[in-house]
Amino acid sequence: MTKRLTRHIVLIGMMGAGKTALGTELARRLHVPFTDSDAEIEAAAAMTITEIFARDGEMFFRAREAQVLARLLAGRASVISTGGGAWMQPANRALIAASGMSVWLNCDPETLWQRVRQRPTRPLLQTADPKGTLLRLLAERSPVYAQAELEFISRAGDSIDTSTARLIAALRAADPYLIEG
Ligand code: S3P
């Protein structure tokens, strides 16, 4: 049955936390649109994230990311997954808080590493010690991620079905008015 969201659900958290996978399934179950801010940035620029970082740098990427987020948040309530750095910008946090429920997908470091090591698509991890970089970013960012409205602990052994059902229950418990229908 079609459901209605009273505000956006915005997934935040580290690279490899499963924001896109969980967001896709969550939106499918709620029958609402899903967008991934990274994919939107890539489509608008007709370049990959790696190419944008290489050609124009991280600052340029962050400016595009903020623009895309503002555009998505101005639209009809939906599920939005954000790149791992988006929540670090105070202006993005304020925009998200104004029209959405922020959900931190908190995932253990080893699972994050096992996931991100398989794909060379994250420019921030193109360092001499990518695992060390990932752990440092996680340590720096976790206190800021913890400011999200809801923390959802992603359990590595859970299927996407189980995780999504658990997430929907957590969302409803956190805000009984969020999902109508
Ligand atoms: C980034 C995470 C990436 C992407 C970019 C920067 C970050 O998104 O936005 O490479 O700063 O953590 P995912 O979290 O979807 O990997």
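Owing to the predicted nature of the structure, the values given are computational and were not obtained by experimental measurement. Throughout, residue positions are numbered sequentially from 1 according to the sequence presented. Just follow the structure's listing: the first ligand is 1, and inside any ligand the first atom is 1.
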(request) Specify the protein heavy atom at minimum distance from atom 7 (C) of ligand 1: its residue, its atom name, and the distance to 0.1 Å. (result) Gly85 N, 3.3 Å
(request) Number the atoms of ligand 1 from 1 as they appear, then name those within less than 4.0 Å of a heavy atom of Phe61, with their elements. (result) 9 (O)
(message) Under 4.0 Å from a heavy atom of Ile49: which atoms of ligand 1 are those, numbered in the order shown and with their elements?
(response) 5 (C), 10 (O)
(request) Under 4.0 Å from a heavy atom of Arg62: give me the atoms of ligand 1 that qualify, with their elements. (result) 6 (C), 7 (C), 11 (O)
(request) For ligand 1, indicate whether the residue Leu124 contacts it via side chain, backbone, both or neither (heavy-atom separation under 4.0 Å). (result) side chain
(request) Please verify whether a non-hydrogen atom of Met88 lies at under 4.0 Å from ligand 1. (result) no
(message) Strictly distance-based, threshold 3.5 Å: is any side-chain N or O of Thr164 a donor or acceptor partner for the main-chain N or O of Ile160?
(response) yes
(message) Suppose we measure from atom 16 (O) of ligand 1 to each protein heavy atom; which comes out shortest, and what is that distance?
(response) Arg122 NE, 2.8 Å
(request) Could you find the nearest protein heavy atom to atom 2 (C) of ligand 1 and give me its residue, atom name and distance? (result) Gly84 N, 3.3 Å
(message) Between Glu149 and Arg7 (salt bridge meaning N to carboxylate O under 4.0 Å), is one present in this structure?
(response) yes
(message) For Ser78, is there any backbone N or O sitting under 3.5 Å from a side-chain donor or acceptor partner on His8?
(response) yes
(request) Enumerate the atoms of ligand 1 whose separation from the nearest heavy atom of Lys19 is less than 4.0 angstrom. (result) 13 (P), 14 (O), 15 (O)
(request) Using a 4.5 Å cut-off on heavy atoms from C-beta on, say whether the side chain of Tyr145 contacts that of Met88. (result) yes
(request) Say whether, by atom type as modelled, one donor and one acceptor occur between the side chain of Thr6 and the main chain of Tyr177 under 3.5 angstrom. (result) yes
(request) Below 4.0 angstrom from a heavy atom of Pro123, which ligand 1 atoms are there? Numbered from 1 as shown, please. (result) 10 (O)
(request) Could you check if a side-chain atom of Asp36 sits within less than 4.5 angstrom of a side-chain atom of Lys19, using non-hydrogen atoms only? (result) no
(request) Flag the pair Phe61 / Ile41 as yes when at least one side-chain heavy-atom distance between them is below 4.5 Å, and no otherwise. (result) yes
(request) Would you mind checking which non-hydrogen protein atom is closest to atom 9 (O) of ligand 1, with the distance to 0.1 Å? (result) Asp38 OD1, 2.7 Å
(request) With heavy atoms under 4.0 Å as the rule, classify the contact between Arg141 and ligand 1 as side chain, backbone, both or neither. (result) side chain
(message) Check this for me: does any side-chain nitrogen of one of Glu110 and Lys131 sit under 4.0 Å from a carboxylate oxygen of the other?
(response) yes
